[in-house]
2 protein chains.
Amino acid sequence: MSGAKRQSKKQRPDGLSRIQEMNRAKILEAALGQFSRFGYSGTTIEKIAGEAGMSKSNLLYYFASKPDIYEAVLEHILDVWLAPLRMLDPDRDPATELSAYIRQKLQMSAELPEASRLFANEVMQGAPRIRRVLEEDLKGLVAEKSEVIRHWIAAGKIRETDPVHLIFLIWAMTQHYADFQTQIELLTGQNLKDPDFRKGAEEAVIAMVLSGVGLTPGPA
Amino acid sequence: MSGAKRQSKKQRPDGLSRIQEMNRAKILEAALGQFSRFGYSGTTIEKIAGEAGMSKSNLLYYFASKPDIYEAVLEHILDVWLAPLRMLDPDRDPATELSAYIRQKLQMSAELPEASRLFANEVMQGAPRIRRVLEEDLKGLVAEKSEVIRHWIAAGKIRETDPVHLIFLIWAMTQHYADFQTQIELLTGQNLKDPDFRKGAEEAVIAMVLSGVGLTPGPA
DNA sequence: GTCTATACCCGGATAGAC
DNA sequence: GTCTATCCGGGTATAGAC
């Protein structure tokens, strides 16, 4: 047995075994659900573990502490959360670009409402853990995309509008359907997962934004 | 001393002494600040008491428990929160009415952002304590005001629009400035308390809503 | 009517067996 | 890698003195 094969733990690229990866993923998903619903203080490690199908202690084997989990979740969703805005293209026409952006944001509100609510929660508490990201990355991104809008204005393609307010208002309208989902359901019995309602929301937001910048939305 | 004057505790209309009233008010104000910032679970009775300038035990003399305080705060702000919508008047012209409504909502976001955030917080958690109010009062109110908007449409005064989405979008845009105040401050360095920024927000929202329903906002 | 002291419970985190 | 047992801190709420 001398010189025998060593206990081969296949060293994967990230240094994690398959089950480790899977467990981490399950934890992050469960944590997103809990944090977004109950806020940071309102969620317990035990609940997250329960949702993820494991024991509290086992969870604490993967993440050393509660803040660690929270930050991992936030980091995990931030990229996908900001992705749509990055795609605003100055070289295409504003009606197409703005419509596409709104549709993407509404799609995210439909498919990942928890991410929206987690983000809202964090910001409402003063954004203690994502201050940096907002001040640096997001601020830069918004400045960049404001330039795109100013470019459209200068080219006479859309009406004179404050770019920053325009961006804020698009965020407000699209994220509202995720953040206030409960209220919307109580008042209408529907949410973005209903195709009809989703279409109604898309039309309402797009109509408002396009006419708001002086474009007349076509019937599609 | 026989038959002397009895220790006269003036029985006030609500059965509360002046200091009791004042203390209750101070507690409610402090509680609003804490709950809106840290959510229900994130705030402690001790913090509320500190903000209200009294001891934890003394606070618990006025409110028996944490949920009691929370419900009192919610109830206290709900009326004022829904007041602006009640004023939408079908007999005046839509441009005036919608502009006034938006301005009132933005005023509330400027002066009582905590109320907005508390409300958002509660709804995002599934509205466990105000389900009733939403299902009954608010639902009725929205139905009533949807009729107002349909009335304007039928009279040819505004473009065909889904009334419920219109209401949601006005809420979304106006409340966003309170709920995401932190983010807005980090990105622009301003908030609704700055007169210039407030004016910019009013113009942006009013322009968007009015043109969205087919009205051209005048330059004021 | 207000404060001090304290009981009690719950959630986060660790130690150590398996 | 996963579990059980347990510690510890903090937060709610109460008992009782003043």
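Because the structure is predicted, anything quoted here is derived from the model rather than measured. Quick note on labels: first sequence line is chain A, next is B, and so on, each numbered from 1.
Within 4.0 Å (heavy atoms only), A:Y62 reaches sugar-phosphate atoms of the nucleic acid but no base atom.
As a whole-Å value, the separation of A:F63 CZ from C:dT14 P is 15 Å. Rounded to whole Å, the distance from OH on A:Y61 to P on D:dT2 is 7 Å.
For A:H165, the ring-ring contact (aromatic ring centres under 6.0 Å, His included) partners two or more places apart in sequence, or in a different chain, are B:Y177, B:F197. Listed by chain and residue number, B:F35, B:Y40, B:T43, B:I45 satisfy the side chain to side chain contact (heavy atoms under 4.5 Å, CB included) test with B:K66 (two or more places apart in sequence, or in another chain). Scanning for salt bridge (charged side-chain N to carboxylate O under 4.0 Å, His left out) contacts around A:R150 gives A:E147, with sequence neighbours left out.
The backbone N or O of A:W171 sits less than 3.5 Å from a side-chain atom of A:T174, completing a donor-acceptor pair.
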Chi angles and distances behind the salt bridge (charged side-chain N to carboxylate O under 4.0 Å, His left out) call for A:E202, A:R198: CA-CA 6 Å; A:E202 278 180 359; A:R198 164 108 166 248; 3.6 Å; yes
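Between B:V142 and A:T188, the closest side-chain pair of non-hydrogen atoms is not below 4.5 Å. At a threshold of 4.5 Å between non-hydrogen side-chain atoms, the residues A:S65 and A:D68 count as touching.
Between A:N58 and the phosphate of D:dG1, there is no side-chain N or O to OP1/OP2 separation shorter than 4.0 Å.
Sorted by first and then second residue, the pairs that involve residues 20-45 of chain A and meet salt bridge (Lys or Arg N to Asp or Glu O under 4.0 Å), not counting sequence neighbours, are A:R12-A:E21.
Shown for residues 19-34 of chain A: residues whose heavy atoms fall under 4.0 angstrom of DNA chain D, namely A:Q20, A:N23.
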Base-contact (B) and sugar-phosphate-only (S) positions in nucleotides 11-18 of chain D, heavy-atom cut-off under 4.0 Å, - elsewhere: SBBB----
